Amino acid sequence: MAKSVSLFVTCLVDQLFPPVGLAMAEVLERIGYSIDFRQAQTCCGQPAFNSGHREPARDVARYFLDTFEDAEFVVVASGSCCSMISHHYADLFGSDSKMMDRVHAMEAKTYEFSRFLLDVAQVDDVGARLNRVATYHDSCHALRELGIKKGPRQLLSKVEGLELREMPVAEECCGFGGTFSVKFAELSGAMANTKIESIKQTGADLVVSIDSSCLMQLEGTMRKQGLPISTMHLAEVLASR
Amino acid sequence: MSIQETLQDSKLQLAIYTATGRLMDHRANAISPELLPRYQEMRQHAHDLKKHTIENLDHYMEEFEKNVIAHGGKVVFCKDATEVSDFILRLAKERGAHLFVKSKSMTSEEIDLNERMEHHGLEPVETDLGEYIIQLAHQKPYHIVAPALHMTRFQVADLFTEKLGVPREEVIEEQTMIARRVLREKFLAADIGITGANFLVADSGAVVVVENEGNARLTSSAPKIHIAVAGMEKLIPRAQDLAVMLGLLGRSATGQALTSYTSILSGPKRPGEVDGPEEFYVVLLDAGRTKLLEDPEKRESLYCIRCGACLNHCPVYRKIGGHNYPWVYSGPIGKILAPQFKGLMADPWLPFASSLCGVCAEVCPVKIDIPRVLLQLRSEITEEKQRTNQGGLERLAFKAFAWAMRRPWIYEWGGMMGAGLLGNGGRWISELPIAPGPVKAWLSQRHLPAPAVRSFREQWRARRTK
Ligand code: SF4
């Protein structure tokens with residue numbers, strides 16, 4: 001029997017970027033996992049937490065824990081949501097030892113997609129093929145809270161036909177920041193522009209990341225400017241063949 | 001100049017970006033694994049050291065005072081800005097002092113010391129070049145390390161001509177010479193010198209001041225009286241702790257392994273010595289610090305050694321510059337200090353003006369987790385709003401959000417509605433005459449993603465039944 005993994009596709013991917021979820025499932029199936037998708041899943045609660053509304057965030061977090069309690073592995077389509085679960089749930093339940101036991105158990109089995117491939121499945125070549133010139137954008141929470149830097153690049157380097165070019169400031173924020181991009185729209189847009197300037201310098205026609213929120217920010221801005229550069233989630237690149 | 005105006009001023013944008021970028025490069029070079037393999041260890045050491053000191057501050061303040069007295073100096077505890085200016089005014093009156101030279105001190109900026117002194121007819125003169133420039137321009141520092149970071153040499157040329165009556169001079173070295181000529185006279189005539197302090201060393205009663213221009217050394221030694229004004233969080237236990245602290249400060253601030261001048265000042269000049277002041281005072285300022293000490297969640301804000309690295313790296317600071325922050329402390333550290341010192345609700349938008357990218361915590365030499373403190377402040381502001389019945393709509397929205405997120409069928413139905421509404425890339429929303437302001441602003445910068453015709457869960461169900 002194939003080993004099973006539970007997908008947490010995140011609310012953003014579910015509602016706006018379903019191909020990312022499908023690609024993730026396809027890659028995991030290709031390397032021998034069976035997919036468990038729990039229809040009860042919704043959101044990790046980060047929008048409320050980042051806006052300072054801890055009570056609603058706690059409610060959603062509790063619901064998430066209920067939903068995935070008996071999963072063996074939870075594979076997450078976003079570095080940021082993964083970090084919410086593995087780093088910030090603890091901030092929400094700090095004084096409640098019973099909840100903290102559940103949180104720590106969840107932390108131990110929750111993996112961002114690229115990390116799951118490399119650390120658990122121990123696969124870096126999934127047999128993908130894509131003829132594009134790409135540059136990789138480090139999303140902030142994946143980079144600084146989860147310490148994900150080399151992994152996605154290693155996976156991309158195994159994609160046949162793909163040329164990977166580093167941009168000058170790959171680690172600088174794209175300016176999205178959730179509600180920040182609504183509350184400070186122009187500032188957020190100015191930050192995206194800086195990022196796009198360094199993307200342009202690479203000559204790449206594709207931006208890859210492990211967070212769809214950053215890609216939404218970058219793609220939306222590039223489209224508005226009429227630039228011929230598109231974006232793909234890492235899972236979509238790895239599913240290509 | 002508002003945030004919007006700053007964003008649109010391309011010259012200013014370039015000035016900020018270039019200046020901060022240069023400091024980033026210098027730091028990156030100085031802490032590279034080849035030059036400083038122990039960097040991460042040093043940060044942890046510095047963090048632990050600050051933590052220990054802050055948690056035992058009363059003990060180290062006592063020890064510091066005892067040792068300052070033993071060297072013939074005096075420690076003056078001040079609970080707020082008024083007590084500092086009262087002390088200085090009294091001393092000035094008793095000694096018949098009028099002219100003060102000052103070296104760069106954010107603590108004195110924090111309490112508006114210059115304005116307070118001028119108000120009472122005293123003459124404080126800033127002697128750090130950047131501080132001198134902004135004093136002439138009647139501005140506040142733009143950056144905690146580089147106060148005049150936003151000004152071009154052409155603007156400085158105009159300023160010098162206007163304020164000093166000198167012929168216009170656009171060459172930076174020449175401008176420095178002009179300032180030096182004016183300031184030399186002031187140094188020779190000054191009655192009292194006021195410096196800040198980068199560190200206060202408890203076991204030796206010493207005040208440590210780092211700088212690159214030599215003006216702080218003159219300020220502390222030329223006049224007959226030296227006053228160091230410092231926040232009480234500047235204490236460190238032992239002189240040997242300077243090794244790690246100085247190494248991190250210089251590298252994080254400007255990429256220097258050690259700044260050009262490091263003065264370790266303990267007490268007035270002793271019999272037989274030629275240099276140094278006759279009187280030596282250390283003003284230890286509270287002004288909200290003890291209150292912060294009581295808060296275990298956020299007191300790490302007091303670990304800051306004012307290196308400015310978090311400002312230089314912050315993508316928000318690099319766009320909006322220093323003067324759009326409500327207080328003299330700008331950038332990420334200002335974003336957590338201002339609400340805690342000036343009051344949570346003084347500028348409730350401030351902790352929200354961050355994408356939480358976390359680069360500040362990554363570069364901070366004493367490992368202050370600024371994003372975590374920001375999140376804590378956001379939650380406190382939200383609670384305070386609830387207590388005072390403000391922000392009801394947003395609260396309701398998040399309540400509804402949490403409610404819907406625990407009911408997948410509601411969530412799914414809401415998503416389908418959303419997908420319908422977002423058809424056409426959401427463009428029709430921005431064209432509505434009644435489009436909500438924030439939505440319009442958002443769409444002015446970017447397009448919405450093309451909506452998914454069917455959500456992932458729908459497609460997944462379809463795939464399964466195939
Ligand atoms: S918070 Fe850290 S990085 Fe920022 S100025 Fe203080 S010590 Fe430097």
Side-chain angles (χ1 to χ4, degrees), chain A residues 9 11 13-18 20-22 25 37 39-43 45 47-57 59-60 63 88 91 140-141 143-145 171-192 194 216-217 219-221 223-224, chain B residues 3-4 7 13 17 315-316 318-320 349 351-359 361-362 372 375-383 394-395 398-399 401-408 411 415 418-419 422 438-439 441-442 444-449 451-452 454-461 463:
Chain A
V9 294
C11 54
V13 164
D14 184 27
Q15 298 296 326
L16 293 177
F17 305 102
V20 173
L22 294 170
F37 178 76
Q39 296 277 343
Q41 67 179 263
T42 56
C43 171
F49 179 68
N50 282 1
S51 302
H53 295 267
R54 296 213 169 171
E55 209 38 63
D59 288 343
V60 180
Y63 178 78
H88 296 297
D91 294 336
C140 296
H141 295 162
L143 175 72
R144 302 199 176 89
E145 291 179 350
E171 297 189 354
E172 191 163 307
C173 178
C174 68
F176 178 63
T179 49
F180 169 75
S181 73
V182 181
K183 287 187 175 156
F184 301 90
E186 276 176 72
L187 169 56
S188 158
M191 288 157 73
T194 301
M216 175 170 79
Q217 159 93 341
E219 166 133 7
T221 313
R223 222 154 29 95
K224 182 117 192 166
Chain B
I3 290 182
Q4 262 160 336
L7 292 176
Q13 285 290 310
Y17 209 72
V316 171
R318 299 184 82 197
K319 290 291 172 203
I320 70 173
W349 58 274
F352 291 90
S354 163
S355 65
L356 299 173
C357 81
V359 70
E362 183 187 310
R372 190 176 293 270
L375 283 164
Q376 183 68 31
L377 288 165
R378 288 181 181 191
S379 148
E380 287 171 21
I381 288 169
T382 307
E383 278 167 22
E394 183 179 308
R395 203 158 46 249
F398 277 107
K399 256 202 184 133
F401 159 81
W403 187 82
M405 289 301 159
R406 282 173 293 157
R407 286 159 183 82
Y411 155 90
L422 293 183
V439 176
W442 205 85
S444 75
Q445 303 293 316
R446 41 185 111 48
H447 284 330
L448 278 171
R454 289 191 306 156
S455 66
F456 174 81
R457 65 187 60 226
E458 282 176 85
Q459 297 191 40
W460 186 257
R461 282 194 297 258
R463 182 180 161 188

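All of these numbers come straight from a predicted model, not from anything done at the bench. So you know, we letter chains A, B, ... as the sequences are listed, proteins then strands, and number each from 1.
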Task: Electrostatic pair Glu394(B):Lys183(A) at N-O distance under 4.0 angstrom - done: yes
Open item on the list: Do the side chains of Glu383(B) and Arg395(B) get close enough for a salt bridge, i.e. N-O under 4.0 angstrom?
Closed with: no
Quick one: closest heavy-atom pair of [X] and [Y], and the distance?
X         : Y         : answer
Leu16(A)  : Met216(A) : CD1-SD, 4.1 Å
His141(A) : Leu356(B) : NE2-O, 3.0 Å
Phe456(B) : Leu22(A)  : CE1-N, 3.3 Å

Selection from [options] maximising heavy-atom pairs under 4.5 Å formed with chain B:
options                                   : answer
Asn50(A), Val9(A), Val13(A)               : Asn50(A)
Ser51(A), Gly177(A), Gly45(A), Cys43(A)   : Ser51(A)
Ala190(A), Gly175(A), Ala192(A)           : Ala190(A)
Ala57(A), Pro47(A), Ala25(A)              : Pro47(A)
Val20(A), Thr221(A), Thr179(A), Leu143(A) : Thr221(A)
Gly220(A), Gly21(A), Cys140(A), Pro56(A)  : Gly220(A)

Open item on the list: Could you check whether Ser181(A) and Gln217(A), counting side-chain N and O atoms only, form a donor-acceptor pair closer than 3.5 Å?
Closed with: no
Open item on the list: I'd like to know if the side chain of Gln13(B) pairs up with that of Arg318(B) as donor and acceptor (distance under 3.5 Å, no hydrogens or angles considered).
Closed with: no
Open item on the list: For Ile381(B), which atoms come within 4.5 Å of any heavy atom of chain A: side chain, backbone, both, or neither?
Closed with: neither
TODO: Please look at Trp349(B) and chain A and tell me whether the side chain, the backbone, both or neither of the residue comes under 4.5 angstrom of a heavy atom of that chain.
DONE: both
Open item on the list: Keeping Gln15(A) on the side-chain end and Ser455(B) on the backbone end, is there a donor-acceptor pair under 3.5 Å?
Closed with: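 No.
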[X] versus chain B, the contacting section by heavy-atom distance below 4.5 Å:
X         : answer
Glu172(A) : side chain
Cys174(A) : neither
Glu145(A) : neither

Mind ranking [options] by heavy-atom pairs under 4.5 Å with chain A and telling me who comes out on top?
options                                    : result
Leu7(B), Leu375(B), Leu377(B)              : Leu375(B)
Gln376(B), Arg378(B), Arg407(B), Met405(B) : Met405(B)
Gly358(B), Ala353(B), Ala361(B)            : Ala353(B)

Task: Pairwise distance CG(Leu187(A)) to NZ(Lys319(B)) - rounded to 0.5 angstrom - done: 8.5 Å
